[in-house]
Asks: 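Here it is, the structure, as structure tokens.
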Amino acid sequence: MHDHNGAPSDAVVIGGGVIGLAVGWRAAQAGLRVTVLERRRPGAETSHVAAGMLAPISETSPTELGLLALGLRAAATYPEFVAELAEASGEDPGYRRCGTLAVARDGDEAEALEREFELRRRLELEVSKLRPTAARRIEPALAPTVRLALEVPGDHAVDPRRLTAALARALQRAGGVLRTGTDVAEILLDGQGEAIAGVVLVDGERLPATQVVIAAGPWSGQLSGLPNAARVPVRPVKGQILRLHDPTGPGLLDHVLRIGSAYVVPRGDGRYVLGATMEERGFDCTVTAAAVFELLRDAIELVPGFSELAIDECSAGLRPTTPDGAPAIGPGVISGLHWATGHHRGGVLLAPVTAEIVVAALLGEPVGPEAATVAPARFAPLEAHAR
């Protein structure tokens with residue numbers, strides 16, 4: 001594995017989705033010789049299906065408050081991140097400042113929204129409670145049956161497909177190497193099993209490296225060569241999602257809409273993303289009639305104009321998820337091993353800070369205190385920490 005000058009890589013990144021490409025780009029910017037290995041094409045898996053909500057406030061959960069500071073910092077850095085990326089790549093990453101409306105359709109949903117409002121108010125997060133008339137003033141296409149809404153102006157969105165393309169271009173312009181159609185069979189350790197030595201590809205090619213970043217999404221836990229004590233447990237959580245467009249053009253909807261765990265993300269040009277289910281189905285990516293029906297039913301009930309949209313795509317993706325729901329970002333228990341995986345629904349949002357944490361570790365620099373919340377070593381048994 002060599003860059004254009006023939007020198008070996010300082011770091012190998014396994015996985016060419018948004019996370020792996022962001023890490024690779026920032027590593028190349030920092031002066032590291034980095035190679036990103038992608039078994040298909042850039043962003044072909046989880047990143048291709050993702051909706052791209054940048055919504056740490058809307059997605060705040062009482063059980064995941066440890067991630068809130070990291071998510072808020074990521075959201076705050078996004079405007080600068082995408083501006084720099086656009087300049088570096090020459091491509092538009094598809095970022096939109098659109099805000100979010102969380103909407104209740106009946107009394108039960110209104111009570112749930114009231115609880116959500118109180119939680120955010122206690123946390124001093126920016127959110128406003130809107131009566132139905134005020135909500136429809138902001139989004140006239142909403143059904144008259146809306147009971148209550150919360151407005152979160154600080155939530156934004158990005159198109160992950162455009163973001164992925166921009167990151168791939170920026171990585172290469174910064175001097176990084178992107179190898180597509182390159183599947184990793186095994187991670188190599190040194191003779192004592194205490195440090196990274198490289199990777200082996202499925203075709204038998206050996207790629208020496210002293211640092212490896214695992215950013216393979218839901219497949220991160222399946223790579224061979226690591227002892228069980230050094231692994232991060234990652235499982236896939238299935239999500240079915242629809243992409244539609246308005247034949248009459250943009251204007252039906254401007255804000256991201258949230259209805260419970262479902263959402264509608266407008267792209268600003270007449271295209272919309274509607275999702276998503278949460279299913280424990282292993283690596284199954286089948287699109288089912290029931291899921292498509294339920295997603296469309298809920299969207300049309302909330303925005304009747306959705307019944308006139310054309311369906312462009314029905315797909316299913318896999319979210320990489322750890323047992324505690326938080327990502328694994330940073331050094332592992334083996335020297336030279338780094339993780340950037342397990343982001344569940346927050347991979348696109350957390351891409352800038354994930355890259356920051358991982359690249360700091362690659363350079364041997366300290367990371368911020370919030371990185372402790374997502375340290376991969378939390379999954380290691382005690383004896384592994386003593387190595």
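In this chain, numbering begins with 1 at the start of the sequence shown.
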Asks: Would you name the heavy atoms of Asp254 and Cys98 that are closest together and state the gap between them?
Replies: O-CB, 3.5 Å
Asks: If you group Ile, Leu, Val, Met, Phe, Trp and Tyr by side-chain heavy-atom gaps below 4.5 Å, do Val23 and Val353 land in one group?
Replies: yes
Asks: Glu38 versus Ile14: any side-chain heavy-atom pair under 4.5 Å?
Replies: no
Asks: Any donor-acceptor pair under 3.5 Å linking the side chain of Thr277 with the backbone of Glu279?
Replies: no
Asks: Taking a hydrophobic cluster as the set of Ile, Leu, Val, Met, Phe, Trp and Tyr residues connected by side-chain heavy atoms closer than 4.5 Å, whether directly or through intermediates, do Leu350 and Val82 fall within one such cluster?
Replies: yes
Asks: Quick one: does any side-chain atom of Arg243 pair with a main-chain N or O of Tyr272 as donor and acceptor, under 3.5 Å?
Replies: no
Asks: Taking the basic N atoms (NZ, or NE/NH1/NH2) and the acidic carboxylate oxygens, is any pair closer than 4.0 Å for Arg33 and Asp10?
Replies: yes
Asks: Considering only NZ, NE, NH1 and NH2 on the basic side and carboxylate oxygens on the acidic side, decide whether Glu301 and Arg105 come within less than 4.0 Å.
Replies: yes
Asks: Are Leu362 and Val213 packed together at the side-chain level, in the sense that at least one heavy-atom pair is separated by less than 4.5 angstrom?
Replies: yes
Asks: Got a salt bridge between Arg378 and Asp324, using NZ or NE/NH1/NH2 to carboxylate O under 4.0 Å?
Replies: yes
Asks: Are there over 12 heavy-atom neighbours, none belonging to Glu124, within less than 6.0 Å of that residue's CD?
Replies: no
Asks: Could you check whether any side-chain heavy atom of Leu252 comes within less than 4.5 Å of a side-chain heavy atom of Leu309, counting everything from C-beta outward?
Replies: yes
Asks: Using modelled atom types only, decide if a donor and an acceptor are shared between the side chain of Ser58 and the backbone of Ala55 within a distance under 3.5 Å.
Replies: no
Asks: Taking atom CD of Glu87 as the centre, does the number of heavy atoms from other residues, nucleotides or ligands within less than 6.0 Å exceed 12?
Replies: no
Asks: Check the surroundings of atom CD in Glu308: do more than 12 heavy atoms from other residues, nucleotides or ligands lie under 6.0 Å from it?
Replies: no
Asks: Are Glu356 and Arg73 within salt-bridge range, i.e. N to O under 4.0 Å?
Replies: yes
Asks: Would you say the rings of Trp25 and Phe81 are close, in the sense that their centroids are separated by under 6.0 Å?
Replies: yes
Asks: To the nearest 0.5 Å, tell me how far Ser61 OG sits from Arg345 CZ.
Replies: 10.5 Å
Asks: I'd like to know if Arg258 pairs up with Glu151 as an ion pair, taking the criterion as any Lys NZ or Arg NE/NH1/NH2 lying under 4.0 Å from an Asp or Glu carboxylate oxygen.
Replies: no
Asks: Taking atom CZ of Arg173 as the centre, report whether more than 12 heavy atoms of other residues, nucleotides or ligands fall under 6.0 Å from it.
Replies: yes
Asks: Do the side chain of Lys129 and the main chain of Leu148 share a donor and acceptor less than 3.5 angstrom apart?
Replies: no
Asks: Below 4.0 angstrom, N of the basic side chain to O of the carboxylate: do Arg26 and Glu84 qualify?
Replies: yes
Asks: Are side-chain heavy atoms of Leu257 and Leu142 found at a separation under 4.5 Å?
Replies: yes
Asks: Tell me whether the centres of the aromatic rings in Tyr95 and His156 are closer together than 6.0 Å.
Replies: yes
Asks: Is there a side chain to side chain donor-acceptor pair (under 3.5 Å) between Glu294 and Gln240 once you walk through the steps?
Replies: CA-CA 11 Å; Glu294 290 170 5; Gln240 299 188 54; over 6 Å; no
Asks: Can you confirm whether Glu280 is buried at CD, in the sense that more than 12 heavy atoms of other residues, nucleotides or ligands lie under 6.0 Å from that atom?
Replies: yes
Asks: Measuring from atom CZ of Arg271 to atom NE2 of His245, what distance do you get when rounded to the nearest 0.5 angstrom?
Replies: 10.5 Å
Asks: If we ignore hydrogens and angles and just use 3.5 Å, is the side chain of Thr182 paired with the main-chain N or O of Thr180 as donor and acceptor?
Replies: yes
Asks: Has Thr322 got a side-chain atom pairing as donor or acceptor with Gly325's backbone, closer than 3.5 angstrom?
Replies: yes
Asks: With a 3.5 Å distance limit and no angle check, can you tell me whether Asp246 reaches the backbone of Pro250 through a side-chain donor-acceptor pair?
Replies: no
Asks: Side chains of Ser47 and Val348: does their closest heavy-atom pair fall under 4.5 Å?
Replies: no
Asks: Is any side-chain N of the basic residue among Arg96 and Asp159 closer than 4.0 Å to the acidic one's carboxylate O?
Replies: no
Asks: Under 4.0 Å between a side-chain nitrogen and a carboxylate oxygen: does that hold for Asp269 and Arg267?
Replies: no
Asks: Is there a salt bridge (charged side-chain N to carboxylate O under 4.0 Å, His left out) between Glu109 and Arg147 once you walk through the steps?
Replies: CA-CA 8 Å; Glu109 290 183 356; Arg147 297 285 295 272; over 6 Å; no
Asks: Is any side-chain heavy atom of Leu207 closer than 4.5 Å to a side-chain heavy atom of Arg179?
Replies: yes
Asks: Looking only at heavy atoms, what is the nearest atom pair of Ala170 and Leu85, with distance?
Replies: CB-CD1, 3.6 Å
Asks: Could you report the tightest heavy-atom contact between Ala316 and Thr286, atom names first, then the distance?
Replies: CB-O, 4.1 Å
Asks: Count the heavy atoms belonging to other residues, nucleotides or ligands that lie under 6.0 Å from CZ of Arg162, then report whether that count exceeds 12.
Replies: yes
Asks: What heavy-atom pair brings Pro227 and Ile334 nearest, and what distance separates the two atoms?
Replies: CD-CD1, 3.9 Å
Asks: If you apply the rule side chain to side chain contact (heavy atoms under 4.5 Å, CB included), what do you find for Leu178 with Leu37, and how did you get there?
Replies: CA-CA 6 Å; Leu178 175 59; Leu37 305 177; over 6 Å; no
Asks: Check whether any side-chain N or O of Thr341 sits under 3.5 Å from a backbone N or O of Gly217 as a donor-acceptor pair, and report yes or no.
Replies: yes
Asks: Minimum heavy-atom separation for Pro93 to Val158, with atom names?
Replies: O-CG2, 3.3 Å
Asks: Could you check whether any side-chain N or O of Arg231 sits under 3.5 Å from a backbone N or O of Leu223, counting only pairs where one atom can act as donor and the other as acceptor?
Replies: yes
Asks: When you group the ILVMFWY residues by side-chain heavy-atom contacts below 4.5 Å and let the links chain together, are Phe306 and Ile259 in the same group?
Replies: yes
Asks: Before giving the answer on side chain to side chain contact (heavy atoms under 4.5 Å, CB included), spell out for Thr373 and Leu70 the whole-Å C-alpha distance, their side-chain angles and the decisive distance to 0.1 Å.
Replies: CA-CA 9 Å; Thr373 305; Leu70 201 64; over 6 Å; no
Asks: Enter the distance from Leu242:CG to Ser315:OG here, rounded to the nearest 0.5 Å.
Replies: 7.5 Å
Asks: State plainly whether one hydrophobic cluster holds both Leu101 and Leu274, where clusters connect Ile, Leu, Val, Met, Phe, Trp and Tyr through side-chain heavy atoms under 4.5 angstrom apart.
Replies: yes
Asks: How long is the gap from OH on Tyr263 to CG on Leu295, to the nearest 0.5 Å?
Replies: 8.5 Å
Asks: So, Arg120 and Glu126, do they make that salt bridge, N to O below 4.0 Å?
Replies: no
Asks: Apply side chain to side chain contact (heavy atoms under 4.5 Å, CB included) to the pair Val177 and Val36, showing each step before the final yes or no.
Replies: CA-CA 6 Å; Val177 176; Val36 176; over 6 Å; no
Asks: If you take all heavy atoms of Ala209 and Val12, which pair is closest and at what distance?
Replies: CB-CG2, 3.7 Å
Asks: Does Ile57 belong to the same Ile/Leu/Val/Met/Phe/Trp/Tyr cluster as Leu65, with side-chain heavy atoms less than 4.5 Å apart forming each link?
Replies: yes
Asks: Would you give the length of the straight line joining atom CD of Glu91 to atom OG1 of Thr164, rounded to the nearest 0.5 angstrom?
Replies: 11.0 Å
Asks: Quick one: are His343 and Thr354 in side-chain contact, heavy atoms under 4.5 Å?
Replies: yes
Asks: Let me confirm one number: the CE-CG distance from Met53 to Asp155, rounded to the nearest 0.5 Å.
Replies: 9.0 Å
Asks: If only atom types and distance count, is the side chain of Thr46 paired as donor or acceptor with the main-chain N or O of Leu318 below 3.5 Å?
Replies: yes
Asks: Under 4.5 Å between any side-chain heavy atoms of Leu68 and Leu125, yes or no?
Replies: yes
